[in-house]
Amino acid sequence: MRQPNFGGPRGPQGQAGFQKASKEQRAVIWRLTKYVLSNYKYSIVTVLACIAITSVTTLASTLFTRTLIDDYITPLTQMANPKYDSLWQTLFKLGGILLVGVICSYLYNRLMINVSQGTMLRLRKMVFERMEKQPISYFDQHAHGETMSVYTNDIDSLRQMISTSISQVFNSLITIAVTFTSMVVMSVPLTIVSIVMAIVMMVVTTRLGKRSRTFFRTQQESLARVNGFIEEMMTGQKVVKVFCHERQAIDEFEQINEQLRSSAYNANKIANIVMPVNGNLSNLGYVLIAVVGATLAIHGGAITLGTVVAFLTLNKSFTQPITHVSQQINSVLNATVGAERVFRVVDAEPEVDDGTKELTNPLGDVDFTDVDFGYTSEKQVLFDIDINTNPGQKIAFVGGTGAGKTTIINLINRFYDIQKGQILYDGIPITDIRKDSLRRSMSIVLQETHLFTATVLDNIRYGRLGATDEDCVAAARLVGADDFIRRLANGYQTMLNGDGGNLSQGERQLLAIARAAVANPPVLILDEATSSIDTRTEMLVQRGMDTLMQGRTTFVIAHRLSTIRNADLIIVLDHGRIIEQGTHEQLLALQGKYYQLYTGHEL
């Protein structure tokens with residue numbers, strides 16, 4: 001990953017980079033705004049109306065200051081017997097106006113909570129749906145922890161912005177418009193002073209915001225790396241313990257944790273400067289207006305004392321929104337980076353399915369013809385693969401690590417598409433078959449099992465959701481899992497948690513095999529399916545597996561060659577090429593690579 005530039009803008013190139021970033025930022029904010037408006041148009045309109053009413057009521061209380069001083073306090077101080085009836089009436093009217101503002105303020109805040117939570121619900125749903133449509137290659141290229149960070153940190157940063165920052169921006173814009181109009185009516189000279197100070201505050205906010213945005217992006221990326229590392233360590237904790245890798249794991253975590261601290265420090269260091277700087281500039285403007293206003297009131301007589309006092313309050317209302325926006329700059333910038341990462345997942349190209357044909361009564365006849373494949377265009381891993389099978393045959397792949405065994409299995413499922421050649425299923429190119437139809441005709445048992453948080457019965461039923469309880473029990477009995485399941489606390493209704501952490505590795509693998517059995521497909525794929533089962537258990541399972549494989553085309557990758565002696569065809573792979581193929585007896589007679597692997601004798 002290319003390291004971000006922490007140096008800030010330097011020269012024309014750096015300036016152009018920030019201008020580009022600003023355009024990207026505006027595009028992300030605009031896209032997020034359109035998304036919110038498309039789903040909560042009426043709520044947002046109501047929020048705007050309530051904010052406008054709240055701003056008007058706030059302005060009314062500010063303008064009342066001038067009326068209070070010029071029309072009530074000053075005249076009443078000059079009366080021998082002052083009467084307060086009209087003052088009380090005016091105060092009650094003002095109280096009613098302010099009550100309306102309080103109600104509207106409460107209403108729009110409640111509505112924004114509903115909008116923010118509803119938007120998060122929709123975004124998580126959209127991201128999850130998009131993730132489910134991604135090809136296997138997407139998950140090979142993205143760490144699970146980083147993907148999880150999109151659902152948690154990034155989407156939560158959007159929630160904070162929508163619930164707080166958006167309403168604050170709306171409120172600020174309306175307040176500025178209403179207040180500015182009143183200021184111009186009151187005094188043009190004092191308004192000019194306010195405008196100059198507001199421009200200075202905006203320039204400071206904009207420039208500091210541009211600097212901090214780069215650091216906020218780095219902060220989110222560092223946070224995703226921390227999540228990814230923690231997820232990886234939790235998954236591989238047994239390996240860490242076995243090899244006494246605790247100290248190295250801690251050191252590595254400290255390194256990426258320090259990167260997160262450093263990027264977060266740099267991001268917030270600049271963003272947190274904005275508020276105090278703008279606060280001091282606002283105070284400076286307050287003093288200037290007080291001096292200019294007092295001078296005009298005392299010497300020029302152009303304005304009254306009440307106007308000066310009211311204008312000072314209006315000036316606070318005019319510059320305060322800028323201060324409020326600067327307070328939200330952390331949230332906005334953080335959410336912008338989070339939105340970029342969310343939309344990056346949403347915009348990821350889904351898995352393409354150009355197949356049009358449905359498999360009806362598939363036989364399981366799979367053939368490879370001159371197949372070449374590489375995960376990238378730079379590195380080819382399979383060369384001229386030719387495999388001819390008949391329905392119901394058992395085909396085994398053997399070879400060293402990296403020979404291409406699992407890759408061939410991935411091609412049968414169309415997890416990846418080949419660059420050259422052809423793979424036929426019942427005489428039909430698999431590229432012409434709909435992927436869901438193709439994959440439903442196969443069951444696969446991987447070396448690494450995965451069990452879901454559900455009952456044992458539901459985990460078996462995952463292979464075929466329409467299977468009855470009796471079907472699931474029959475599948476478990478077929479593969480030899482029934483005995484241990486019935487010994488569990490609640491039998492088939494036992495709840496599994498933590499990927500089946502309360503089961504042994506062999507028991508978990510038996511459930512995975514039972515899941516494949518209940519699907520009852522014409523093609524069965526076993527990718528070292530019995531590697532986690534002890535020899536005694538394997539003997540029990542093998543009988544069930546032999547029954548399961550009858551009448552099915554079975555592709556087997558086995559780490560123990562003794563389990564594939566009865567295979568109809570054994571294919572020996574070396575560096576992506578088929579170097580030998582035949583039955584067990586034929587390959588031993590050749591005394592080639594298979595003979596070496598089986599007997600352990602060097603040639």
Side-chain angles (χ1 to χ4, degrees), residues 359-364 391-394 409 412-413 436-558 560 563-564 566:
L359 290 174
T360 57
N361 300 318
L363 302 176
Q393 280 190 323
K394 179 180 178 181
I409 298 301
I412 297 175
N413 287 278
D436 55 353
S437 178
L438 176 69
R439 291 169 184 171
R440 275 198 301 267
S441 72
M442 305 178 185
S443 276
I444 183 169
V445 181
L446 300 172
Q447 181 179 3
E448 297 180 1
T449 62
H450 181 79
L451 300 177
F452 297 93
T453 302
T455 64
V456 170
L457 197 66
D458 288 335
N459 268 280
I460 297 174
R461 187 180 284 116
Y462 201 85
R464 178 165 57 90
L465 296 181
T468 64
D469 292 356
E470 292 74 17
D471 293 335
C472 296
V473 172
R477 189 176 295 116
L478 177 68
V479 301
D482 182 70
D483 288 341
F484 93 82
I485 293 175
R486 294 189 182 279
R487 290 196 300 268
L488 297 176
N490 297 308
Y492 282 87
Q493 297 302 322
T494 301
M495 181 65 67
L496 301 181
N497 295 296
D499 200 12
N502 53 333
L503 302 178
S504 70
Q505 186 67 24
E507 290 170 341
R508 295 170 68 231
Q509 194 75 317
L510 283 171
L511 289 184
I513 296 171
R515 180 190 294 166
V518 79
N520 195 27
V523 176
L524 187 64
I525 298 173
L526 307 175
D527 188 353
E528 301 195 45
T530 58
S531 62
S532 301
I533 300 176
D534 59 79
T535 305
R536 178 180 176 276
T537 305
E538 184 178 18
M539 292 174 61
L540 297 174
V541 173
Q542 197 63 49
R543 289 198 295 267
M545 296 292 291
D546 290 339
T547 304
L548 178 62
M549 288 185 287
Q550 287 180 6
R552 292 183 173 87
T553 304
T554 306
F555 295 93
V556 181
I557 298 175
R560 288 197 282 265
T563 62
I564 59 169
N566 62 342

Engineer: With no hydrogens and no angle check, is any side-chain donor or acceptor of N459 less than 3.5 Å from a backbone partner on F452?
Structural biologist: yes
Engineer: Under the ring-ring contact (aromatic ring centres under 6.0 Å, His included) rule, collect the residues that match up with F484, sequence neighbours excluded.
Structural biologist: none
Engineer: Is there a donor-acceptor pair closer than 3.5 Å between any side-chain N or O of S443 and the backbone N or O of A516?
Structural biologist: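 Such a contact is found between S443 side chain and A516 backbone.
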Engineer: Counting distance only, does the side-chain N/O of R508 pair as donor-acceptor with the main-chain N or O of L451 below 3.5 Å?
Structural biologist: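 Here the side-chain-to-backbone pair does not exist.
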Engineer: Enter the distance from L511:CG to R515:CZ here, rounded to the nearest 0.5 Å.
Structural biologist: 8.0 Å
Engineer: Between the main-chain N or O of S504 and the side-chain N or O of E507, is there a donor-acceptor pair closer than 3.5 Å?
Structural biologist: yes
Engineer: Does T455 reach the main-chain N or O of Q493 with its side chain, forming a donor-acceptor pair under 3.5 Å?
Structural biologist: no
Engineer: Would you give the length of the straight line joining atom CD1 of I564 to atom CG of L526, rounded to the nearest 0.5 angstrom?
Structural biologist: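 Answer rounded to 0.5 Å: 11.5 Å.
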Engineer: Considering only residues two or more places apart or on different chains, which pairs with a residue in residues 483-492 satisfy salt bridge (Lys or Arg N to Asp or Glu O under 4.0 Å)?
Structural biologist: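 Output for this query lists D482-R486.
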Engineer: How would you list, by chain and number, every residue that makes a salt bridge (Lys or Arg N to Asp or Glu O under 4.0 Å) with R461, sequence neighbours excluded?
Structural biologist: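 Only D458, D469 meet the salt bridge (Lys or Arg N to Asp or Glu O under 4.0 Å) criterion with R461.
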Engineer: Are the side chains of P362 and P522 in touch, meaning some heavy atoms are under 4.5 Å apart?
Structural biologist: yes
Engineer: Please check: side-chain N/O of T494 versus main-chain N/O of L488, any donor-acceptor pairing under 3.5 Å?
Structural biologist: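 It does not hold such a pair.
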Engineer: Sort out for me which residue in I460, L510, V473 forms a side chain to side chain contact (heavy atoms under 4.5 Å, CB included) with I485.
Structural biologist: I460
Engineer: Say you draw a straight line from CZ of F555 to CE of M442; how long is it, rounded to the nearest 0.5 Å?
Structural biologist: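 Nearest 0.5 Å value for the CZ-CE distance: 7.5 Å.
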